[in-house]
Protein chains: 2
Amino acid sequence: MLSAGLPEGTMPKLERPGPLRERVYEALLELITTRALRPGQHLVESELAQHLGVSRQPVREALQRLNTDGWVDLRPAQGAFVHEPTEDEADQLLTVRTLLEAEAARLAAVNADAAGVAELEDLCGRGEAAVGGEEVEKVVEANAAFHARVMALAGNAVLAELARQVDRRVRWYYTPVARQRGAQSWIEHRELIAAIAGKDEQRAVEVMREHTEHTRRSYHERERG
Amino acid sequence: MLSAGLPEGTMPKLERPGPLRERVYEALLELITTRALRPGQHLVESELAQHLGVSRQPVREALQRLNTDGWVDLRPAQGAFVHEPTEDEADQLLTVRTLLEAEAARLAAVNADAAGVAELEDLCGRGEAAVGGEEVEKVVEANAAFHARVMALAGNAVLAELARQVDRRVRWYYTPVARQRGAQSWIEHRELIAAIAGKDEQRAVEVMREHTEHTRRSYHERERG
DNA sequence: ACTCCGTAGACTGTATCCAATAGCCAGTCG
DNA sequence: CGACTGGCTATTGGATACAGTCTACGGAGT
């Protein structure tokens, strides 16, 4: 084995652009989450294909995945439409999120080691810094990263996959309220870290549940805020 | 409106075959769950296409969905392989299932009405009848139907969608142990119905959690059984 | 005997082409 | 004047053809 002595990170991984359909998927998702494509809008395969500089095929495959993930509604022989979220649906989504995240918090408390806690501290620091700044997008991103890290510490791949799907959609709803939530959210994150570091399962669950419920309430009150 | 007087069920709906990719998806899933396609097996698009009498296109799309749903692993430039489940993964899956089903039981207890309870009773009866018979497949099917009904009563579409994915894979693991679980499982179902009918949230959660945990333990002890 | 290189085969991934379907608008008949 | 019917258009859905890439096997050289 010649490669035995080579360090891990030094090989640039030979940047393979990955399947085109994946990149199209990501691109469209970006356009949807940034509201460049608005809810209810009619998406035409050929237009998207031309706009992205690829053929229709990858666009089709991407749209189908977006359909199964709940981002677009695919009406037969008519086209794809950006999904319009309803109040009920948002509520259900946030309910499920509470469930998944609470379980993740519990498992994280069970499994966490010093290194894991340190990572969370680090992310929390970055998040708090972002709150001070102007860019809402940064805050939302940091928030997602923090929750993803907790999920990773839980060590349940199936749970993580489900949460990934749910959280991404929650992020879409969350963006408008991120500003008002702001600082309070990161205080709660700190409490969560403390519970995890202390391996206090019950407390971790409670903190996380309360935290996500706050987010839910903020969402429902978003117009009046 | 000429069609006003026509009864609802009389028009045979003109059996619309629906998108081909969907049928291919279902067909392949059937082949996987019945173990006609064994774990680790290499799936070749052109072979499947020819075998099913369709072109490669729908097969591709079906395989991609199977990939995102965790049924096959899609290795770039190499092909699709039927996913081989590991012990860890099964455990994680059953853990998540416990979580989702318990929440569903709670919500069902909150929302249930007389009609809903009656439906559960009915399904339970069918299930008990199936246990008496010989066909394991029938039992597994009845079990899935029962859990699906509870999920429907919960009235959370997002939760239901997640559970649908998870349960289908659980079903795959469950089949081998269905025979040993058999009757005991349906006794627990009866208890669950009682809890739901009595709108006892806490008890519904406990019963369901215990029920799914039993299944998990049965799975881990399957070889020795 | 082992390793390295070259070549051949096969599969995936992408682009183009044709057919089928739903929606819409105008025209026509009652 | 209203409602139905016909054709028209735009778009998806499925099939086919083509190019790029990875793997595996076999032979030659050390």
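Side-chain atoms are counted along with the backbone in the values below, which use heavy atoms only and exclude waters and symmetry mates. Chain letters run A, B, ... following the sequence lines, proteins first, then strands; residues in each count from 1.
Within the 4.0 angstrom heavy-atom criterion, no nucleotide atom of any strand lies near A/L74. Looking at heavy-atom distances under 4.0 Å, B/L63 makes no contact with the nucleic acid at all.
Going from atom NE2 of A/H42 over to atom P of C/dC24 covers 11 Å, rounded to whole Å. Computed from coordinates, the B/E61 CD to D/dA15 P distance equals 10 Å when rounded to whole Å. Rounded to an integer number of Å, the gap from CD of A/E22 to C1' of C/dG13 is 13 Å. Remark: C1' of D/dT12 and CD of A/E45 are 6 Å apart, rounded to the nearest angstrom. Between A/R23 atom CZ and C/dG13 atom P the separation is 13 Å, expressed in whole Å.
Both tests do not hold together for B/R181 against B/Y174: distance to the six-membered ring centre under 6.0 Å, angle to the ring axis within 45°.
Comparing A/A77 and B/Q64, the nucleotide of DNA chain C nearest to each residue sits closer to the 5' end for B/Q64. Ranked by how close their nearest DNA chain D nucleotide is to the 5' end, A/Q57 and A/Q78 are led by A/Q78. Place B/V44 and B/R60 on DNA chain C by their nearest nucleotides, and B/V44 ends up nearer the 5' end.
Heavy-atom contacts from other residues, nucleotides or ligands closer than 6.0 Å to CD of A/E134 number 12 or fewer.
If you check distances only, the side chain of B/R56 does reach the base of C/dG13 with a donor-acceptor pair under 3.5 Å.
Minimum atom distance to the side chain of A/S55 is reached by C/dT14, of the listed D/dG14, D/dA15, C/dT14. Counting only heavy atoms from C-beta on, A/R21 has its side chain closest to C/dG13 among C/dG13, C/dA15, D/dA15.
Within the model, atoms OH of B/Y25 and CD of B/E61 stand 13.5 Å from one another, a figure rounded to the nearest 0.5 Å.
With salt bridges taken as basic N to acidic carboxylate O contacts below 4.0 Å, one links A/R106 and A/E103.
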